[in-house]
Amino acid sequence: MTGTSLVVTDLCVEFSGFVAVGGVSFDAHPGEVRFLIGPNGAGKTTCIDAITGLVKGTGSAKLGEKELLGRQVHRIVRLGVGRTFQTASVFDELTVLQNLDIAAGRHRSSTSLLRSRRGTDPSIELALEETGLTGELATPAGILSHGQKQWLEIAMLLVQDAKVLLLDEPVAGMSQDERTATGELLQRIAAKRIVVVVEHDMDFMRRYATRVTVLHQGRVLSQGTVAEVQADPRVQEVYLGTADAMTEG
Ligand SMILES: Nc1ncnc2c1ncn2[C@@H]1O[C@H](COP(=O)(O)OP(=O)(O)OP(=O)(O)O)[C@@H](O)[C@H]1O
Ligand SMILES: [Mg+2]
């Protein structure tokens, strides 16, 4: 295993007595596309919220030697942990480039934006290329396609040089072509970074997951390769209502 890993151990989150996450452990390494799946309310988003400091969690979430739990949100960001939200959180009124500038912590006047291609800094340039948004840098984020908005969010994390990308349902609402493009994007960025994908889409999971953790009612139901998890009777039972979603189709 090369590079720093994210190791979550016995993560617990309670909301006034309700156990949303009840002792979840998983790890993620650079070079794999790690999936967290599970039915609605399983605790997937809450795990990400706890790792990124948005909600209080107990247990441990370590990036290399550094414990993330108990740190403030901005400190966790500074350690290189980035996340996206279930609903895209880009600035619709601003252009792609302006959004990336903000992610990079830079401010650019709107006049300098007009012919700013040459002035784009290398990290932004790279993030645009990686996400296929190079041709859209002057496009207001609000008129991007749904898929492009998600890619912009990922580009913003790349500009911040996030070492860990926690992506909450990145392909929800995407077309098939956008899904494929996103899967390939995730595989590329996962080569050097830790990528954890929360997803409902079983087909997408099957195509791009290296390892999967299945959550159910705040606990780990099953963990392993796609094949191992799909063959697990407990997983099949939980997905019974959508049994065809777990089998080849
Ligand atoms: N701030 C909160 N206060 C109280 N309960 C919460 C809060 N956030 C989440 N929960 C509860 O915790 C449980 C886990 O929610 P979470 O959003 O993590 O699920 P999820 O797996 O992301 O589901 P989905 O697939 O619907 O996004 C749910 O029962 C939810 O209602
Ligand atoms: Mg969620």
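Just so you know, ligand 1 is whichever comes first in the structure, and atom 1 is the first atom listed for that ligand. Note that these values count all heavy atoms, side chains included, but never hydrogens, waters or copies made by symmetry.
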Minimum non-hydrogen distance to atom 22 (O) of ligand 1, winning option of T45, D168, N40, V21 =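 Among T45, D168, N40, V21, the closest heavy atom to atom 22 (O) of ligand 1 comes from T45.
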
query = Is the closest protein non-hydrogen atom to atom 31 (O) of ligand 1 under 4.0 Å?
reply =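 Flag for atom 31 (O) of ligand 1 set to false, no protein heavy atom closer than 4.0 Å.
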
Heavy atom of protein inside 4.0 Å of atom 4 (C) of ligand 1, strictly below =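 Yes, because at least one protein heavy atom sits under 4.0 Å from atom 4 (C) of ligand 1.
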
What protein heavy atom lies closest to [atom]? Include the residue and the distance to one decimal.
atom: atom 11 (C) of ligand 1; answer: F18 CE2, 3.8 Å
atom: atom 12 (O) of ligand 1; answer: A20 CB, 3.3 Å
atom: atom 23 (O) of ligand 1; answer: G41 N, 2.8 Å
atom: atom 6 (C) of ligand 1; answer: F15 CD1, 3.3 Å
atom: atom 16 (P) of ligand 1; answer: T46 OG1, 3.5 Å
atom: atom 27 (O) of ligand 1; answer: Q86 NE2, 3.1 Å

request  = May I ask whether G38 has any heavy atom positioned less than 4.0 angstrom from an atom of ligand 1?
outcome  =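 The answer is no, since G38 has no heavy atom less than 4.0 Å from ligand 1.
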
request  = Could you tell me whether D27 and K62 make a salt bridge, using a distance below 4.0 angstrom between a side-chain N and a carboxylate O?
outcome  =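 K62 and D27: not salt-bridged.
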
Compute whether any side-chain donor of one residue and acceptor of the other, for [X] and [Y], lie under 3.5 angstrom apart.
X: D121; Y: S123; answer: yes
X: E67; Y: S60; answer: yes
X: D168; Y: T84; answer: no

task = Anything protein N/O/S under 2.8 Å from the Mg ion (ligand 2)? Just list residue and atom, please.
result =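 Protein N/O/S atoms under 2.8 Å of the Mg ion (ligand 2): T45 OG1, Q86 OE1.
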
task = Find out whether the Lys NZ or Arg CZ of R206 is both under 6.0 angstrom from the six-membered ring centre of F204 and within 45° of the ring's axis.
result =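 No, cation not above the ring by the 6.0 Å, 45° rule.
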
Flag side-chain contact, heavy atom, 4.5 Å: L186 against Y208 =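 SC-SC contact between L186 and Y208 ruled out.
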
query = Is the shortest heavy-atom distance from the side chain of Q187 to the side chain of V33 under 4.5 Å?
reply =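 In short, these two side chains touch, coming nearer than 4.5 Å.
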
Those residues that, when tested against K149, pass salt bridge (charged side-chain N to carboxylate O under 4.0 Å, His left out) (two or more places apart) =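 D92.
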
task = Hey, could you give me the OG1/NE2 distance between T210 and H29, rounded to the nearest 0.5 Å?
result =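 Here the interatomic distance stands at 9.0 Å.
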
ask   = Under 6.0 Å from the CZ atom of F91, do we count more than 12 heavy atoms belonging to anything else shown?
value =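 Open.
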
task = Carefully, step by step, assess D49 and K56 under the rule salt bridge (charged side-chain N to carboxylate O under 4.0 Å, His left out).
result = CA-CA 8 Å; D49 288 348; K56 190 177 173 301; over 6 Å; no

task = Check ligand 1 against E169 and write out every atom of the ligand that is under 4.0 Å from a heavy-atom position of the residue.
result =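 Taking each heavy atom of E169 in turn, ligand 1 has 25 (O), 27 (O) under 4.0 Å.
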
